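First comes the structure, then the notes that go with it.
All values below come from the heavy atoms of this structure, side chains included, with hydrogens, waters and symmetry mates left out. Since we're looking at a predicted model, the values are computed, not measured.
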Amino acid sequence: MAQLEIVTKSVGGAANPLVAVDGVPVSLNGEGKGQTTVTGTCGDGSGHMLVISFLGPVGAAMGVTVTCGGAAVCEIKEIKVTPLREPYGASHRSFKL
């Protein structure tokens, strides 16, 4: 099993983050940080899926970084709430360890 570190960064009123890895929600602390374990080991090339969503006004943004063994394995720099999707922001990304 690989231990993943999750760090979210919110700006502009982004709130209520939901982060899931391989369909399992990650519990985040008040600073937007959390941990989860996945099958595989750091560096083995196994595939995984990150999903993130949040609420906020137009322009609110959130980013997320996933690290394994101190190395970044997935990063979404910024997801913004747009006028057509207010108050929702979301994205997903597949990644390999």
Side-chain angles (χ1 to χ4, degrees):
M1 299 296 279
Q3 178 83 20
L4 302 181
E5 303 288 328
I6 313 293
V7 177
T8 63
K9 193 179 227 181
S10 304
V11 295
N16 295 52
L18 170 72
V19 176
V21 177
D22 295 341
V24 178
V26 177
S27 180
L28 300 173
N29 66 18
E31 297 175 345
K33 298 178 181 180
Q35 299 177 344
T36 192
T37 56
V38 296
T39 58
T41 57
C42 298
D44 72 358
S46 59
H48 300 277
M49 178 62 72
L50 171 71
V51 175
I52 180 171
S53 68
F54 64 97
L55 299 174
V58 172
M62 181 172 285
V64 63
T65 302
V66 180
T67 59
C68 186
V73 292
C74 184
E75 181 176 28
I76 299 175
K77 292 189 183 229
E78 184 177 77
I79 308 156
K80 280 192 173 182
V81 175
T82 63
L84 291 175
R85 300 189 190 251
E86 186 181 26
Y88 305 106
S91 187
H92 66 281
R93 180 147 315 148
S94 61
F95 66 95
K96 295 181 187 252
L97 295 184

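Taken to the nearest 0.5 Å, the NZ atom of Lys9 stands 10.5 Å off from the NZ atom of Lys77. Atoms OG1 and CD, from Thr36 and Gln3 in turn, are 7.5 Å apart once rounded to the nearest 0.5 Å.
For Glu78 against Ala61, the heavy-atom pair with the smallest separation is CG-CB, 3.7 Å. Minimum interatomic distance between Gln35 and Val26 (heavy atoms only, all atoms of both residues): O-CG1, 3.8 Å. Pairing each heavy atom of Pro25 with each of Leu18, the nearest pair is CB-CD1, 4.4 Å. Between Gly13 and Ala60, the shortest heavy-atom distance links the atoms C-CB, 4.1 Å. When all heavy atoms are compared, the tightest approach of Cys74 to Arg93 is SG-CG, 3.9 Å. The minimum heavy-atom distance between Ala72 and Thr65, with the atom names listed, is CB-CG2, 4.4 Å.
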Next item on the list: Apply the test side chain to side chain contact (heavy atoms under 4.5 Å, CB included) to residues Val64 and Ile79: give CA-CA distance (whole Å), side-chain angles for both, the deciding distance (0.1 Å), then the verdict.
Entry: CA-CA 9 Å; Val64 63; Ile79 308 156; 5.7 Å; no
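The hydrophobic clustering, which links ILVMFWY residues whose side-chain heavy atoms are closer than 4.5 Å, places Met62 and Ile76 together. A chain of hydrophobic side-chain contacts below 4.5 Å, direct or via other Ile, Leu, Val, Met, Phe, Trp or Tyr residues, connects Val38 to Ile52.
For the pair Val21/Phe95, a side-chain contact is recorded, criterion being any heavy-atom separation below 4.5 Å from C-beta on. Using a 4.5 Å heavy-atom threshold, the side chains of Tyr88 and Leu55 count as touching. Considering only heavy atoms from C-beta on, Leu50 stays 4.5 Å or farther from His92 through its side chain. For the pair Leu97/Leu4, a side-chain contact is recorded, criterion being any heavy-atom separation below 4.5 Å from C-beta on.
The main-chain N or O of Phe54 is never found under 3.5 Å from a side-chain atom of Asn16 such that the two would form a donor-acceptor pair.
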